[in-house]
Amino acid sequence: MRLDVVSIFPDYFAPLHLSLVGKAIASGRVDLAVHDLRSWTHDRHHTTDDTPYGGGAGMVMKPEPWGEALDALEQASDLPMTIVVPTPAGQPFTQALAYELATRPRLVFACGRYEGIDQRVIDYATDTYEVIEVSLGDYVLNGGEVAVLAITEAVVRLLPGVIGNPDSLLEESHSEGNEQLLEYPNYTKPPIWRGREVPEVLLSGNHAVIARWRQEQATARTRARRPDLLGE
Ligand SMILES: O=C(OCc1ccccc1)c1cn[nH]c1
């Protein structure tokens with residue numbers, strides 16, 4: 001999988017070279033190319049924003065640099081582009097969407113700043129590429145960079161060969177197998193920590209009973225924290 005990221009803060013993406021995503025890049029399983037949007041500006045101040053038509057507070061990202069960026073990315077690889085745009089106005093980013101994005105040969109992340117990118121860029125791109133505007137949640141960040149780090153981690157960990165034990169993907173919250181439920185509580189050694197013991201059932205070795213206990217815990221936790229996942 002090839003990942004391209006376009007941002008006015010390219011240094012935000014240094015952490016992608018760490019840990020699991022870093023290993024996937026080092027092994028060549030993932031190609032990462034980070035681009036500074038200002039490379040496609042031509043004025044002395046490398047201007048990427050301007051005032052909004054119609055008035056209002058804040059600034060809007062100018063379309064011209066983005067157009068030139070898309071042109072350059074088109075030329076950089078034959079892989080078809082899926083453009084992912086983090087925005088509070090996007091469709092919810094879910095584990096199901098992460099699995100979907102993990103099937104694509106190339107993801108191009110467009111990091112908006114200010115009030116966002118001139119809508120004509122999205123409309124223009126939609127004529128030629130798959131464009132997916134995604135929201136991580138109902139809150140506002142100053143730019144798409146942090147969202148891209150999250151989306152990238154969620155997607156890359158699903159790629160075959162990236163996670164050591166693929167079974168661990170099956171039981172986690174929101175996974176394919178049990179997208180209805182949140183993950184049950186987890187415990188490890190020591191058996192007693194600051195006077196707190198591990199639930200006895202987990203020490204029993206009775207896998208059927210353990211499985212039932214975990215399902216009950218997952219259901220109770222989901223009912224308490226995410227009744228919407230149970231249609232309640
Ligand atoms: O703030 C976000 O993205 C950055 C952004 C992009 C465009 C305009 C304003 C802010 C965001 C919140 N949930 N998911 C994404």
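We count ligands from 1, going down the list as the structure has it; atoms in each ligand are counted the same way.
- Side-chain atoms of T87 and E133 include no donor-acceptor pair closer than 3.5 Å.
- Evaluation of the salt bridge (charged side-chain N to carboxylate O under 4.0 Å, His left out) test over residues 80-107, restricted to residues two or more places apart or in two chains, returns D4-R106, E100-R104, R104-E130.
- A 4.5 Å side-chain heavy-atom check between L159 and R29 finds at least one atom pair inside the cut-off.
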For residues 57-70, which side-chain donor-acceptor pairs fall under 3.5 Å, sequence neighbours excluded?
unit_1, atom_1, unit_2, atom_2, d
E68, OE1, H42, NE2, 2.8
E68, OE2, H42, NE2, 3.1

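- With respect to the salt-bridge test (charged N to carboxylate O, under 4.0 angstrom), the residues E183 and R221 do not qualify.
- R226 pairs by the side chain to side chain donor-acceptor pair (under 3.5 Å) definition with D228, not counting sequence neighbours.
- Sorted by chain and number, the heavy-atom contacts of ligand 1 below 4.0 Å come from P86, T87, P88, Y114, E115, G116, S135, L136, G137, Y139, V140, L141, G143, G144.
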